[in-house]
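The structure appears below as structure tokens.
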Amino acid sequence: MTEPVPDLASPAGRPRHVAIIGGGLAGLAAAAALGSSGFQVTVLEARPFLGGRATSYPLSQADGQTLTIDNCQHILLRCCGNLLDFYRRLGVEGQIEFHKEFFWIEPGGRMSVMKRGLLPAPLHFTESFAGLHFLSGKDKLSIGRALLAVKSEFKNRRDLDRISMLTWLREKKQGPAAINRFWRQVLVSAINEELDQMAALHGLQVCWLGFLARSDSYQMGIPNVPLAELYSDDVWSRWPTVSIRSRASADSVQTDASFIRTVTASGQAIEADAFISAVPFERVANLFPDLRLDLSAFHHSPITGIHLWFDRPITELPHATLLDRTIQWMYNKRDGRHLQLVVSASRSLVDMQRGEVIDLAIRELAEFFPEVRNAQLERAHVVKEVRATFSAVPGLEEKRPLPSTAIPNLFLAGDWTRSGWPATMEGAVRSGYLAAEAITRAFGEPRRFLLPDIA
Ligand SMILES: Cc1cc2nc3c(=O)[nH]c(=O)nc-3n(C[C@H](O)[C@H](O)[C@H](O)COP(=O)(O)OP(=O)(O)OC[C@H]3O[C@@H](n4cnc5c(N)ncnc54)[C@H](O)[C@@H]3O)c2cc1C
């Protein structure tokens, strides 16, 4: 598809100005790319802090102190090349700690460890996979066969966006234990959707890039600072070309001869040569009524995070995935006493009262970590993100819009646009880089920012 090229003459001597609406990862990635390529950039962010859905905020404590917590644990895999590139541009890549072991725990506490062995990719998990306690030999063989099919089908099969992951797994004759204890456990957290609602394309992409293509691509990156510190004012103060305006909620744009000329944010009009919308899909129609995008196929999928503080250490593990229960992941935030639990595609929790969610979390946690039964819960905090991500249903991929729009100087970014990835931090950064590339093309100075996938 060819993109319309706006006739945007360069005002002599003045760097071109791009206004970016939305200071989540998509908007910030576009700002970093353009800000290092001769553009002057203004980021308008409605909230007082940056990072959008991947952020942290202060929580006041009983002793009057404040504690900064992430809205929800965010992890990345080493195959997230563009996200890592974005962190490098900001100079914060050293704040990501990579973990090389995955811990799987069954109710009752039996643990299995998955890690790289001696064989080269894609066979690097063979030894540890053979030793997993929670799968039968028959299930391991059938999962192994399906993983080999991922390798051959991911780039060659054309219908993967039209069928669900569950359909694909049934086609590959995966039994209930393989589906529930392996595929579901890995993919529901990665894509934030149930297997019967998730396009097989995304499931195969995660398996290929994250677990098969390279022997280190599965390593799990966890920021060792609160998320908002990765994109703090201090970080951006080193970018004279990027001006960040927080508490600046864009509420309208002013158009002239089919170009957008200004955006009004919190009562102030900001002029720019080009604009990037980096807001979630549900905000686009209000802000840009003239765009007339058909977003009727987009729906949300929720994620629930549960922070628990105990009076004693519950575990020494840094993290673990918990089998056969509602809670899917445990992250050890501090000393085994502050744990964060995560439930993806958490529709069953959305209508529950806060107290019910906490009771369920503690009940389930005690099945994996018996020390919970002896411990006192000092504090709990539940974050239900009902609009966590878009639901990556079959058929949606072709409906995700490209960065260029019918308005020649308006470009779209956001994890929901056609980034080539599902709704993740990597997807958001990719979309920001793609929008920035589209702007440089529109100004006749094409630049590449997007790094290719690792395989
Ligand atoms: C609970 C939870 C857990 C997650 N876990 C992971 C994970 O482990 N790994 C992973 O890779 N991804 C994870 N994700 C997904 C990831 O957070 C998102 O895909 C990504 O952050 C989206 O970035 P974005 O820039 O596209 O959108 P957003 O982060 O939503 O950014 C949009 C920004 O636009 C601002 N905005 C909206 N309207 C306006 C306006 N009118 N004017 C100005 N500003 C406006 C918003 O305040 C926001 O800051 C998780 C998401 C959630 C919610």
Side-chain angles (χ1 to χ4, degrees), residues 19-31 42-57 69-77 79-80 82-84 86 96 189-192 206 210 220-223 227-228 230-231 244-253 263-266 268 270 275-288 300-306 319 328-329 331 340-346 382-390 392 400 412-417 419 421-435:
I20 299 175
I21 304 164
L25 283 170
L28 296 178
T42 302
V43 178
L44 303 169
E45 167 53 48
R47 298 200 287 179
F49 41 80
L50 296 175
R53 278 168 277 162
T55 197
S56 44
Y57 49 80
I69 60 163
D70 293 341
N71 67 325
C72 188
Q73 181 67 56
H74 274 65
I75 63 109
L76 58 129
L77 298 183
C79 61
C80 297
N82 287 281
L83 178 61
L84 289 169
F86 169 65
I96 310 298
S189 312
I191 311 292
N192 190 32
V206 168
M220 180 161 73
I222 303 187
L227 284 166
L230 298 173
Y231 5 85
I244 305 277
R245 296 202 199 166
S246 47
R247 294 192 171 89
S249 178
D251 44 40
S252 62
V253 292
V263 53
T264 304
S266 301
Q268 207 192 350
I270 292 118
F275 297 80
I276 296 180
S277 161
V279 300
F281 67 86
E282 68 272 13
R283 299 290 175 90
V284 173
N286 272 353
L287 211 45
F288 306 101
H300 291 102
S301 181
I303 300 180
T304 300
I306 305 145
H319 46 74
Q328 294 148 354
W329 277 89
Y331 296 93
Q340 179 168 168
L341 311 177
V342 181
V343 186
S344 296
S346 62
V382 177
V383 186
K384 289 185 197 169
E385 291 273 7
V386 178
R387 293 175 164 182
T389 67
F390 69 82
R400 293 171 75 185
L412 295 177
D415 62 353
W416 58 280
T417 62
S419 71
W421 270 58
T424 51
M425 296 187 287
E426 169 75 4
V429 169
R430 289 173 64 96
S431 78
Y433 283 179
L434 286 168

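Quick caveat: nothing in here was measured; it's all calculated off a predicted structure. Quick note: residue numbers are just sequence positions, from 1. Whatever order the structure lists ligands and atoms in, that order sets their numbers, starting from 1.
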Q) Does Asp415 come within less than 4.0 Å of Arg53, counting only side-chain N to carboxylate O? A)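 Judged by the 4.0 Å cut-off on N to carboxylate O distance, Asp415 and Arg53 do form a salt bridge.
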Q) Quick one: does Gly305 get within less than 4.0 Å of ligand 1, heavy atoms only? A)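 Flag not set, Gly305 not near ligand 1.
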Q | Side-chain (Gln328) to main-chain (Ser344) donor-acceptor, under 3.5 angstrom | A |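 Here the side-chain-to-backbone pair exists.
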**Q.** Closest to atom 51 (C) of ligand 1 (judged by heavy-atom distance), picking from His74, Met220, Glu385
**A.**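 Nearest heavy atom to atom 51 (C) of ligand 1 lies in His74.
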Q: Pick one of side chain, backbone, both or neither for how Leu44 approaches ligand 1, counting any non-hydrogen atom pair under 4.0 Å.
A: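 For Leu44, the contact with ligand 1 is made by the backbone alone.
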Would you check the N or O atoms of [X], main chain and side chain alike, for any that come under 3.5 Å of an N or O of ligand 1?
X      : value
Arg53  : yes
Pro280 : no
Gly414 : no
Glu45  : yes
Gly27  : no

Go through ligand 1 atom by atom and flag the ones less than 4.0 Å from a non-hydrogen atom of [X].
X      : answer
Cys72  : 1 (C), 2 (C), 3 (C)
Ala26  : 25 (O), 26 (O)
Arg283 : 37 (C), 38 (N)

Q: Could you check whether the rings of Tyr331 and His319 sit parallel, tilted or perpendicular, using 30° and 60° as the cut-offs?
A: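 Tyr331 and His319: tilted rings.
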